[in-house]
Amino acid sequence: MQLTRRNILTTVGFGLAAYPAAALAKPTKLLTPEEISAIETAFGKKGRSVENEALYTIPLPRNDLKVTIQGEPIPIPFGFGGWVSFKRTRDGKQLMVMSDTVLLQHEVAGVMDAAIANGLEIAAVHNHFFYEEPRIFYMHLHGMGTDAGELARRYLAAILPSPLHPVNQPKPNPGATPPVPAFDIPALDALVGYKATPNGATIKYTVGRADLTIVDMNVEMTAAIGLNSWASFAGTMEKAHIAGDIAMLEREVNFVIPVLRKAGLEVVALHHHMLFESPKMIFLHYFGTGPAIQLAEGFKAALSILGKKPGRQPMRHR
């Protein structure tokens, strides 16, 4: 029987109660070199190992697209790149594949049908932006298996109907001069409190939830498998765009929103990314334009809410 999340949940029940405490306490084993090789062979490209999170991840940019926001051209790394990560369950018996796929509207149904046909589950379909052209949606896919190469091939079969698949992406121009960010990165790093990663003309901050242990299907969710808050910057120090995501507990949501609005950032989506994780996580996407320092202050203010126990709740729930 093909191992899917639904099969496993039907067999063992929902939530953390299905897993003994001893299993949850064990550190996750790294993927073996043979498993990584099998994944790379299937994809025809290399990713990177994140050893402190015990996972392997591969970027999936949509380099075939030319995206504008409010009529202004925006680099693909600003927020139009997908990813896929592989990680072992804590008991070491299975592997999870988790992915954020970047799709045009007319591509969603085809990838969804192919994912279902290949034993994967759709965890979410939603927007990350306002004002972008062409209109873009993000589909989160999950799957479980025991063989890394087979799990990679199932995932690749799911995204084959779209240009997201590596074989469908344009080949890089070897003679092209790569763009560089036009930001004072040390100044922004000092403000945000984290180090940015440059990618072409953009920079990105990625911040995990070190204060939480989130478990989904006996897999510990960490930053490189999607449990993170991030901020991407494009433009210049004087006129920048910011886009990002804040990963929140439910009780944090209505404390973060006013902070972002006070900073002049638009909240463009509020939704989940995963299924069956415990505790439940909510993800908020935001966008703004202005001086880079001002935008970074808004991101930092949102981060400052996370992990704190609020002195009051915005609304009393029975």
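- Taking both residues in full, the closest heavy atoms of Gly47 and Pro59 are given as CA-CD, 4.5 Å, listed atom of the first, atom of the second, then distance.
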Donor-acceptor pairs under 3.5 angstrom involving side-chain atoms of residues 238-250: please list them, not counting sequence neighbours.
| unit_1 | atom_1 | unit_2 | atom_2 | d |
| --- | --- | --- | --- | --- |
| His241 | ND1 | Thr289 | OG1 | 2.9 |
| His241 | NE2 | Glu72 | OE1 | 3.1 |
| His241 | NE2 | Glu72 | OE2 | 3.3 |
| Asp245 | OD1 | Leu284 | N | 3.3 |
| Asp245 | OD2 | His285 | NE2 | 3.4 |

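- At least one donor-acceptor pair under 3.5 Å links the side chain of Ser85 to the backbone N or O of Ala224.
- Shortest non-hydrogen contact noted between Ser229 and Leu303 is CB-CD2, 3.9 Å.
- Of the possible donor and acceptor atoms, none in the side chain of Asn228 sits under 3.5 Å from a partner among the backbone N and O of Gly208.
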Task: Verdict with supporting geometry, Thr57 and Arg48, side-chain contact (heavy atoms from CB on, under 4.5 Å) - done: CA-CA 6 Å; Thr57 188; Arg48 66 185 178 95; 3.8 Å; yes
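- Hydrophobic cluster membership of Val167, counting Ile, Leu, Val, Met, Phe, Trp and Tyr whose side-chain heavy atoms lie under 4.5 Å apart directly or via other members: Leu160.
- Side-chain atoms of Asn254 and Ile257, non-hydrogen and from C-beta on, do get closer than 4.5 Å to each other.
- When the side chain to side chain donor-acceptor pair (under 3.5 Å) test is applied to His165, no partner is found at least two apart in sequence or on another chain.
- Under the 4.5 Å side-chain criterion, counting only non-hydrogen atoms from C-beta, Met281 is not in contact with His272.
- Of the possible polar contacts, none joining the Asn118 side chain to the Leu120 backbone as a donor-acceptor pair under 3.5 Å is found.
- Between Leu55 and Leu31, every side-chain heavy-atom pair lies at or beyond the 4.5 Å cut-off.
- Judged by distance alone, with hydrogens and angles left aside, the side-chain atoms of Gln169 form a donor-acceptor pair with the main-chain N or O of Asn63 at under 3.5 Å.
- Taking the six-membered ring for Trp and the full ring otherwise, the centers of His142 and His140 sit at least 6.0 Å from each other.
- Without hydrogens or angle criteria, Asp147 side chain to Glu150 main chain gives a donor-acceptor distance under 3.5 Å.
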- [ ] Go through Ile122 and Met139 one step at a time and tell me if the side-chain contact (heavy atoms from CB on, under 4.5 Å) criterion holds.
- [x] CA-CA 7 Å; Ile122 294 88; Met139 184 186 299; 4.1 Å; yes
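- The two residues Ser304 and Lys308 come nearest to each other via the heavy atoms O-CE, 3.1 Å.
- With a 4.5 Å cut-off between side-chain heavy atoms of Ile, Leu, Val, Met, Phe, Trp and Tyr, the cluster of Val180 takes in none.
- A distance of 7.5 Å separates CG in Leu275 from CD in Glu277, rounded to the nearest 0.5 Å.
- Here Phe137 contributes atom CZ and Leu103 contributes atom CG; the two are 10.5 Å apart, rounded to the nearest 0.5 Å.
- The closest side-chain heavy-atom distance from Asp64 to Leu164 is not below 4.5 Å.
- Scanning both residues, Gly145 and Arg154, for their nearest heavy atoms gives CA-NH1, 4.3 Å.
- Between Tyr155 and Thr101 there is a side-chain heavy-atom pair separated by less than 4.5 Å.
- From His126, atom NE2 reaches atom CG of Leu270 across 11.0 Å, with rounding to the nearest 0.5 Å.
- Every residue meeting the side chain to side chain donor-acceptor pair (under 3.5 Å) condition with Arg135, not counting sequence neighbours, appears here in chain and number order: Glu132.
- In this structure, Asp113 has no salt bridge (charged side-chain N to carboxylate O under 4.0 Å, His left out) partners at least two apart in sequence or on a different chain.
- Shown here for Val259 and Ala302, the closest heavy-atom pair between the two residues is CG1-N, 3.7 Å.
- A heavy-atom distance below 4.5 Å is found between the side chains of Val84 and Leu60.
- A donor-acceptor contact under 3.5 angstrom links the side chains of Thr222 and Lys87, judged on distance only.
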Open item on the list: Applying side-chain contact (heavy atoms from CB on, under 4.5 Å) to Thr28 and Glu53, what does each step give before you reach the verdict?
Closed with: CA-CA 8 Å; Thr28 302; Glu53 298 182 32; over 6 Å; no
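- In the hydrophobic cluster analysis, where Ile, Leu, Val, Met, Phe, Trp and Tyr join through side-chain heavy atoms closer than 4.5 angstrom, Leu30 is grouped apart from Val219.
- Taking Ser162 as the reference, nothing meets the side chain to side chain donor-acceptor pair (under 3.5 Å) condition, with sequence neighbours excluded.
- Inter-residue side-chain proximity for Met98 and Leu141 is flagged as unmet; no heavy-atom pair is nearer than 4.5 Å.
- A single hydrophobic cluster is not seen to contain both Ile203 and Trp230; linkage of ILVMFWY side chains at heavy-atom distances under 4.5 Å, directly or through other members, places them apart.
- Connectivity analysis of hydrophobic side chains (ILVMFWY, heavy atoms under 4.5 Å, direct or indirect) links Tyr138 to Leu65, Val67, Ile69, Ile74, Ile76, Phe78, Phe80, Val102, Leu104, Phe129, Phe130, Tyr131, Ile136, Val268, Phe287.
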Name every donor-acceptor pair, under 3.5 Å, that has one atom in a side chain of residues 181-195 and the other anywhere in the protein, sequence neighbours excluded.
| unit_1 | atom_1 | unit_2 | atom_2 | d |
| --- | --- | --- | --- | --- |
| Asp184 | OD1 | Ala187 | N | 3.2 |
| Asp189 | OD1 | Ala196 | N | 3.0 |
| Asp189 | OD1 | Tyr205 | OH | 2.8 |

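- A search for side chain to side chain donor-acceptor pair (under 3.5 Å) contacts involving Arg209 returns Asp211, Glu252, not counting sequence neighbours.
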Which atom pairs, one a donor and one an acceptor, fall under 3.5 Å between side chains of residues 35-44 and the rest of the protein, sequence neighbours left out?
| unit_1 | atom_1 | unit_2 | atom_2 | d |
| --- | --- | --- | --- | --- |
| Glu35 | OE1 | Thr32 | N | 2.9 |
| Glu35 | OE1 | Thr32 | OG1 | 3.4 |
| Glu35 | OE1 | Arg88 | NH2 | 2.5 |
| Glu35 | OE2 | Arg88 | NH1 | 3.4 |
| Glu35 | OE2 | Arg88 | NH2 | 3.4 |
| Glu40 | OE1 | Lys46 | NZ | 3.2 |
| Glu40 | OE2 | Tyr56 | OH | 2.5 |
| Thr41 | OG1 | Ser37 | O | 2.8 |

Task: Test salt bridge (charged side-chain N to carboxylate O under 4.0 Å, His left out) applied to Lys66 and Glu133, step by step - done: CA-CA 8 Å; Lys66 294 187 183 300; Glu133 293 290 343; over 6 Å; no
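- In terms of the ring pair (Phe, Tyr, Trp, His ring centres under 6.0 Å) criterion, residue partners of Phe283 (sequence neighbours excluded) are, by chain and number, His273.
- Residues Met144 and Leu95 fail the side-chain proximity criterion, which asks for heavy atoms closer than 4.5 Å.
- Nearest heavy-atom pair, Arg261 versus Leu265, reported as atom, atom and distance to 0.1 Å: NH1-O, 2.8 Å.
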